[in-house]
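In what follows, a structure is listed as structure tokens, so that the remarks can point back to it.
Residue numbers count from 1 along this sequence.
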Amino acid sequence: MELLTDKLIIIALFILIIHSIETLAYAVRLSGARVKLLASALSLFNVMVMVSRLANMMQQPFTGSLVDHAPTENALSYVENQFRIIIGAASIGTLIGIILLPTFIAIFSRAIIHLAEERGNIPALMKKGLTFEYIKRGMKHIRKPSFAFVKEIRIKDIPMKLFVINIVITAIYTIGVLSSLYAALLVPELETTAAMASGLINGMATILLIIFIDPKISILADDVLNKQGSYLDLKRMSVMMMASRFLGTLLAQLLFIPGAHYVAWFVKLIA
């Protein structure tokens with residue numbers, strides 16, 4: 001049986017889109033602070049989040065079917081290899097999000113302004129944005145990634161605690177579903193319980209993200225709006241969080257199997 005199946009390619013594309021969008025979430029506050037419309041920026045980004053959530057819901061049944069259709073011989077090895085490809089797609093998606101940062105800020109900033117002109121009418125904004133004229137304008141705002149300002153960052157400027165926490169949270173979030181599905185193979189008598197544990201894992205990762213990461217970046221964005229902080233500092237912080245997110249997807253490769261064994265131990269404990 002071939003490892004790189006059509007189904008796996010589809011799942012990898014979904015994961016790539018999801019992680020690209022979630023990486024660009026760090027740039028939303030940059031765009032909002034740039035045009036002084038932070039609330040409108042967050043509101044508009046919810047549309048992209050909806051696309052990400054839809055892609056996530058669509059890929060989960062496909063990912064689950066990889067386990068269901070695994071060969072009886074060497075099932076663990078086969079599923080592990082496929083899931084590592086999926087985790088790799090998460091890393092690539094994160095890199096794409098980082099590369100698209102300048103272009104996203106340029107286009108999204110203008111989209112926020114147009115949303116304000118449309119008085120929050122997102123369907124009207126989408127109708128306008130999908131016209132040939134506006135697509136042509138958008139092409140002119142494509143920017144090459146430039147991280148010249150990153151060179152000025154000193155080690156002491158990096159909020160190391162925040163940086164490391166974001167790496168760990170991203171790793172947990174990346175392997176939540178995959179480790180749970182793999183655990184279902186480790187404890188087949190409790191496969192349903194193991195598969196359902198993914199919601200608990202991702203829920204915990206989301207709570208940690210909301211508690212430790214989002215408030216810090218939001219405060220920096222508010223400082224920029226109130227002219228108490230530097231836009232450049234906010235930009236550096238956003239890029240550092242993107243970088244830590246990428247490292248988190250790499251750490252996920254290391255935590256994937258241990259995470260699956262932990263889930264297997266946990267479901268045995270509660271069964």
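Between Tyr78 and Gln82 there is a side-chain heavy-atom pair separated by less than 4.5 Å. Annotation: side chain of Thr170 is not in contact with side chain of Ser244 (no heavy-atom distance under 4.5 Å). In this structure, the side chains of Leu208 and Ile165 stay at 4.5 Å or more apart for every pair of heavy atoms. Contact annotation: the side chain of Ile219 approaches that of Asp223 to within less than 4.5 Å [non-hydrogen atoms, C-beta and beyond]. For the pair Leu30/Leu234, a side-chain contact is recorded, criterion being any heavy-atom separation below 4.5 Å from C-beta on. When side chains are defined from C-beta on, Leu100 does not count as touching Ser20, because their heavy atoms never get closer than 4.5 Å.
A donor-acceptor contact shorter than 3.5 Å links the side chain of Ser198 to the backbone of Ala195. Checking side-chain atoms of His19 against main-chain N and O of Ile15 turns up no donor-acceptor pair under 3.5 Å. Looking at Gln253, its side chain does come within 3.5 Å of a backbone N or O of Arg84 through a donor-acceptor pair. A distance-only check finds no donor-acceptor pair linking the side chain of Ser109 to the backbone of Ala106 [under 3.5 Å].
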For this session: Go through Met242 and Leu101 one step at a time and tell me if the side chain to side chain contact (heavy atoms under 4.5 Å, CB included) criterion holds.
Result: CA-CA 10 Å; Met242 287 179 166; Leu101 175 62; 3.7 Å; yes

For this session: Apply side chain to side chain contact (heavy atoms under 4.5 Å, CB included) to Phe83 and Val67, showing your working.
Result: CA-CA 10 Å; Phe83 282 4; Val67 177; 3.7 Å; yes

Problem set entry | Derivation and outcome, side chain to side chain contact (heavy atoms under 4.5 Å, CB included), residues Lys7 and Ser65 | CA-CA 9 Å; Lys7 187 182 296 182; Ser65 69; 3.1 Å; yes

Exercise. For Ile86 and Leu66, what are the C-alpha separation, side-chain angles and deciding distance, and is it a side chain to side chain contact (heavy atoms under 4.5 Å, CB included)?
Worked result: CA-CA 11 Å; Ile86 293 173; Leu66 293 178; 4.0 Å; yes

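Crowding of Gln228 atom CD: a count of heavy atoms from other residues, nucleotides or ligands under 6.0 Å exceeding 12. Atom OH of Tyr231 sits in a crowded spot, with more than 12 heavy atoms from other residues, nucleotides or ligands closer than 6.0 Å. Residue Phe266 places its CZ atom among 12 or fewer non-hydrogen atoms of other residues, nucleotides or ligands, all under 6.0 Å distant. Other residues, nucleotides and ligands contribute only 12 or fewer heavy atoms inside 6.0 Å of the NZ atom of Lys216.
Here the closest heavy-atom approach between residue Ala27 and residue Ile105 is recorded as CB-CG1, 4.2 Å. Shown here for Ala260 and Ala183, the closest heavy-atom pair between the two residues is O-CB, 3.4 Å. Summarising the geometry of Ala70 relative to Ala75, their closest heavy-atom pair is CB-CB, 4.3 Å, with the distance given to 0.1 Å. Of all heavy-atom pairs between Ala252 and Ile87, the closest is CB-CG2, 3.9 Å. Minimum heavy-atom separation, Ala194 to Val263: O-CG1, 4.1 Å. Closest approach of Ser31 to Ile112, counting heavy atoms only: CB-CD1, 3.8 Å.
Side-chain contact of Glu117 with His114: a donor-acceptor pair under 3.5 Å is present, judged by distance alone. Using modelled atom types and a 3.5 Å distance limit, the side chains of Tyr173 and Glu22 yield a donor-acceptor pair. Under 3.5 Å, the side chains of Asn166 and Tyr26 contain a donor-acceptor pair of N or O atoms.
For the atom pair Arg34 CZ and Arg110 CZ, the distance stands at 5.5 Å (nearest 0.5 Å). Separating the CG atom in Leu162 from the CD1 atom in Ile213 is a distance of 4.0 Å, to the nearest 0.5 Å. Rounding to the nearest 0.5 Å gives a distance of 12.0 Å between CD1 of Ile175 and OG1 of Thr249. Atoms CG and CG, from Leu255 and Leu250 in turn, are 11.0 Å apart once rounded to the nearest 0.5 Å. If you take OG on Ser179 and CD1 on Ile257, they are separated by 7.0 Å, rounding to the nearest 0.5 Å. Between atom CE of residue Met237 and atom OG of residue Ser230 there is a gap of 12.0 Å, rounded to the nearest 0.5 Å.
No path of Ile, Leu, Val, Met, Phe, Trp and Tyr side chains, each step under 4.5 Å between heavy atoms, connects Ile172 with Met196, placing them in separate hydrophobic clusters. Note on Met204: it does not cluster hydrophobically with Ile210, by side-chain heavy-atom contacts below 4.5 Å among ILVMFWY residues.
By the 30° and 60° cut-offs, the orientation of the rings of Phe108 relative to Phe104 is parallel.
Less than 6.0 angstrom separates the ring centroid of Phe256 from the ring centroid of Tyr182.
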